[in-house]
Every structure is written in C-alpha cells, then in structure tokens.
J.: 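I am attaching a structure below and will ask some questions about it afterwards.
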Protein chains: 2
Amino acid sequence: MAEKIEVKQSAQAANNQVAAENRVFFKEKGLVVLNLVSSPGSGKTSLLEKMANHYGKGLAVITGDIQMTFDADRVRKAGSQAAQIETHGTCHLTAAMVQSKFGELDLKGVRLLVIENIGNLVCPSTYDLGENLKVALLSVTEGDEKPMKYPALFLRAGAVVFTKMDLLPHVDFDVARAKEDCLKLNPQVKFFSTSCKTGTGLAEWFDFLQGLQPNS
Amino acid sequence: MAEKIEVKQSAQAANNQVAAENRVFFKEKGLVVLNLVSSPGSGKTSLLEKMANHYGKGLAVITGDIQMTFDADRVRKAGSQAAQIETHGTCHLTAAMVQSKFGELDLKGVRLLVIENIGNLVCPSTYDLGENLKVALLSVTEGDEKPMKYPALFLRAGAVVFTKMDLLPHVDFDVARAKEDCLKLNPQVKFFSTSCKTGTGLAEWFDFLQGLQPNS
C-alpha cells in the first residue's frame with residue numbers, strides 16, 4: 001500500500017511539472033483553457049458542439065477518450081478543430097497526454113482551448129493539465145447528491161454547468177440542494193443551468209467564457 | 001511508464017488472489033454474487049432499493065463509495081442489510097475491500113449478495129471481486145454509444161440493465177444500437193430494460209436473478 005501511494009505521489013509530482021510547462025505554453029499563446037470533467041453521458045460533447053457552433057475557429061478542443069474518436073468527429077463537424085487523445089484504458093488525462101497534442105493544433109486565431117477529460121468523476125479531479133479553470137458538468141438525470149459524493153472534483157471546479165435542464169420536470173433533482181452543496185465545497189463557484197436541446201442557459205455560459213482572461 | 005505498468009500488473013495479480021479467496025467464501029455460503037458497475041447516477045442504488053423491497057432479508061448489499069454512506073442507508077431503509085465501503089479516493093473496489101466487510105454481514109438466509117461498485121465505467125471493469133456475474137447498468141440518458149466507448153466493461157458484463165426507460169421518449173437513445181454493440185463485445189450478454197419509476201422490466205430482472213445458481 002505504501003509503495004502504491006508513493007508511486008501515485010511521484011506520478012502526481014511528475015504531472016505537475018508538465019502542467020506547469022503547459023501553463024507557460026498556454027500563456028504564450030494567449031489562450032483561455034478549460035478542463036471539462038463529468039460522468040460519462042452528462043453531455044460534455046453536446047455542450048462542445050454548441051460551443052463549436054458559436055465560436056467556430058476561435059475554439060480548439062482536445063478530447064479524451066478511452067478509445068474511439070466519436071467526440072473529436074462531432075466537434076469538427078460542428079465547426080471547430082479537435083485533436084483526440086485515446087488513453088487505451090487510463091481513466092484520466094495527464095498533462096503529458098495534453099502536451100503531446102499541441103503539434104496537431106493550429107492555434108492562430110484560437111482564444112479558447114477546451115480539454116474534454118475522460119468521463120469519470122474520480123480520477124480526473126486531481127490531475128492538473130495546466131488549465132485556467134476546471135469545469136464540472138452535472139446532468140440533472142444523475143442525482144443532486146453528486147457534489148457531496150465526489151467532493152474532490154467539486155472542491156476544485158470553478159464552474160458547475162447543470163446540463164439536460166429540459167429533463168428536470170421528469171426527474172427528482174433539487175437544483176437548490178446541489179448548488180448549496182457545491183458552495184459548501186467552493187464558495188466562489190459559478191453556476192450555469194443549460195439544455196443543449198432547448199438552448200436554455202447557453203448565452204449566459206458564452207458570456208461567462210467571453211469574460212475569462214488568459215493567465216497573466 | 002514501464003514501472004507504472006508493472007505496479008498495475010502486480011496490483012491486479014494480488015487482487016486476483018484475494019478474489020479467488022472471496023469466490024471460495026461465496027461458494028461455501030451458497031451465495032449468488034453480482035458486481036454492479038455503471039456511471040455515477042445511472043440508478044444503481046434505485047435498482048438496489050427495488051431489489052431490497054423484493055428480496056428483503058434474502059439480499060445483502062456491499063456498497064462502494066468514495067465517501068459518504070447515503071447508498072447503504074437507502075438499501076437498509078428499503079429492507080435489506082448493507083455494509084458500506086468508503087474508498088477515500090480510490091476509483092474502484094478491490095477484492096480485499098470487499099473481503100474486509102464479510103464480518104459485518106449476517107449471511108444466514110441470504111441468497112443474493114450484490115456489490116455496488118464505485119460509479120465509474122473505467123477502473124472497476126478489470127478488478128475481479130470474486131463475483132458470479134458482472135452487471136453493467138446503462139441509463140438511457142447517458143447515450144447509446146457507451147458500450148463502444150467503454151468496451152472493457154461491456155466485454156465482461158454478463159448482463160446489461162438499461163435503466164430510466166421512462167425517460168426514453170425525451171432522449172435520443174437507440175436501444176437497438178446499444179444492444180447490437182453490446183452483442184459484438186459479448187454475444188452471450190442478457191438484456192433488461194427497466195424503470196424504477198414505473199416498475200417496467202423489474203419482474204424480468206427478478207426472474208433472471210432467481211434462475212442464477214451459486215458457483216459450483
């Protein structure tokens with residue numbers, strides 16, 4: 001067990017070093033960088049499609065998946081460039097995986113880079129990728145107790161995007177309770193209530209992103 | 001990297017040994033044991049509540065969570081005994097974690113033991129807990145491409161339970177496509193289409209469980 005913890009700590013330390021390099025790179029390029037984390041199926045790629053429709057060539061996406069390239073294909077079809085990481089079994093992205101994709105992106109004219117992490121509320125939470133902001137997505141079909149169950153993520157998320165709000169009438173999800181629990185973990189967190197089906201809340205989300213500044 | 005893979009392989013080998021011990025224990029006790037794996041919020045605990053209502057003292061549950069004991073409380077309230085594992089950050093259960101809970105359960109009269117794994121489609125897939133059957137839950141709100149995206153789980157799952165079928169009219173989820181992809185990965189897989197809200201499909205699920213035999 002002690003050996004396992006040591007290996008994990010040394011993996012984290014090595015990751016932090018690469019994340020710091022990524023941060024320098026992002027700053028040089030004047031990029032605002034988001035790290036999107038959620039359960040599988042909470043709607044990360046649907047939100048990215050809407051963002052690609054809106055930002056077009058001003059947005060670039062690095063999508064992470066265990067395998068398959070569905071997500072990158074969807075983003076490209078919606079109008080933005082995308083590079084795909086296939087982790088082949090690893091349950092989170094690392095800063096080095098992200099760095100390995102820089103050469104595939106043409107960053108001229110790009111202001112916003114979104115890294116779509118592996119669908120998982122646990123492992124991606126503690127790996128810094130060099131982002132400006134960690135964003136947690138939580139679909140209203142998943143249950144309002146998720147912030148308390150996965151505090152490692154919700155402690156670190158600067159923004160929480162509730163998704164699939166169109167399904168709210170059909171499920172038992174107390175938005176006020178979820179917000180309250182998020183605020184206990186991070187009093188500075190910003191909330192967005194969205195539906196990619198109806199378009200609800202997307203304008204507020206885009207406004208928020210517009211106001212974010214690259215690291216100085 | 002090589003060091004990391006070696007550590008992972010040795011962790012798996014150690015786990016397999018404990019899983020074999022668990023299997024002997026389960027056989028001695030005449031138990032049918034399920035390992036329930038799904039995304040966070042796909043409805044594992046809701047299904048367990050229905051099973052607890054149905055089986056009462058004939059069912060025991062070991063629930064896994066990163067932290068918090070909500071799930072065990074819900075199962076107990078619904079009529080069955082439950083022991084809770086809090087993994088404090090680990091993203092999957094191990095055979096040893098499960099074994100550490102045997103002392104907390106009174107297995108007299110219990111025929112079915114369900115181990116509710118951590119909500120995660122990646123890490124729990126490859127850790128044997130000594131179960132008879134791995135069961136994957138997939139809610140129709142999550143997207144029908146999940147079997148192809150998470151083959152490590154759907155290769156190993158002997159049963160796939162589609163959940164939240166009451167929401168099917170409100171989402172784009174092609175049940176036929178999901179089934180087809182599951183069958184490509186495991187031609188022997190059994191399917192169940194359920195809703196804990198309406199009760200759809202629960203009788204078929206209970207019938208199936210009734211027909212399962214302890215390891216011989």
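The basis for the numbers below is simple: all heavy atoms, side chains too, and nothing from hydrogens, waters or symmetry mates. Letters go in sequence order (proteins before strands), and every chain restarts at 1.
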J.: For the atom pair CG (B/Asn120) and CD1 (A/Ile118), what is the distance rounded to the nearest 0.5 Å?
T.: 10.5 Å

J.: Quick check on the structure: residues of residues 53-65 of chain B within a heavy-atom distance below 4.5 Å of chain A, by number.
T.: B/Asp65

J.: What is the minimum heavy-atom distance between A/His170 and B/Lys197, and which atoms define it?
T.: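 A/His170 and B/Lys197 have their closest heavy atoms at O-NZ, 2.8 Å.
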
J.: Of the backbone (N, CA, C, O) and the side chain (C-beta and beyond), which part of A/Lys146 lies under 4.5 Å from a heavy atom of chain B, both, or neither?
T.: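 Just the side chain, heavy atoms under 4.5 Å.
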
J.: Answer yes or no: does atom NZ of A/Lys190 have more than 12 heavy-atom neighbours from other residues, nucleotides or ligands under 6.0 Å?
T.: no

J.: Take atom CG in B/Asp172; do more than 12 heavy atoms of anything else shown fall under 6.0 Å from it?
T.: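 No, not enclosed.
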
J.: If only atom types and distance count, is the side chain of A/Lys149 paired as donor or acceptor with the main-chain N or O of B/Phe70 below 3.5 Å?
T.: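 No: the side chain of A/Lys149 does not pair with the backbone of B/Phe70.
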
J.: Any side-chain heavy atom of B/Pro40 within less than 4.5 Å of one from A/Pro40?
T.: yes

J.: Take atom CD in A/Glu21; do more than 12 heavy atoms of anything else shown fall under 6.0 Å from it?
T.: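 It does: A/Glu21 CD has more than 12 such atoms within range.
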
J.: Which heavy-atom pair separates B/Val122 from A/Cys91 by the least distance, and what is that distance?
T.: CG1-CB, 3.6 Å

J.: Identify which of A/Pro151, A/Ser38, A/Ser139, A/Gly43 forms the greatest number of heavy-atom pairs closer than 4.5 Å to chain B.
T.: A/Pro151

J.: Working to the nearest 0.5 Å, report the span between CD of B/Glu142 and OG of A/Ser39.
T.: 7.5 Å

J.: Can any side-chain N or O of A/Lys164 pair as donor or acceptor with the backbone N or O of B/Thr141 at less than 3.5 Å?
T.: yes

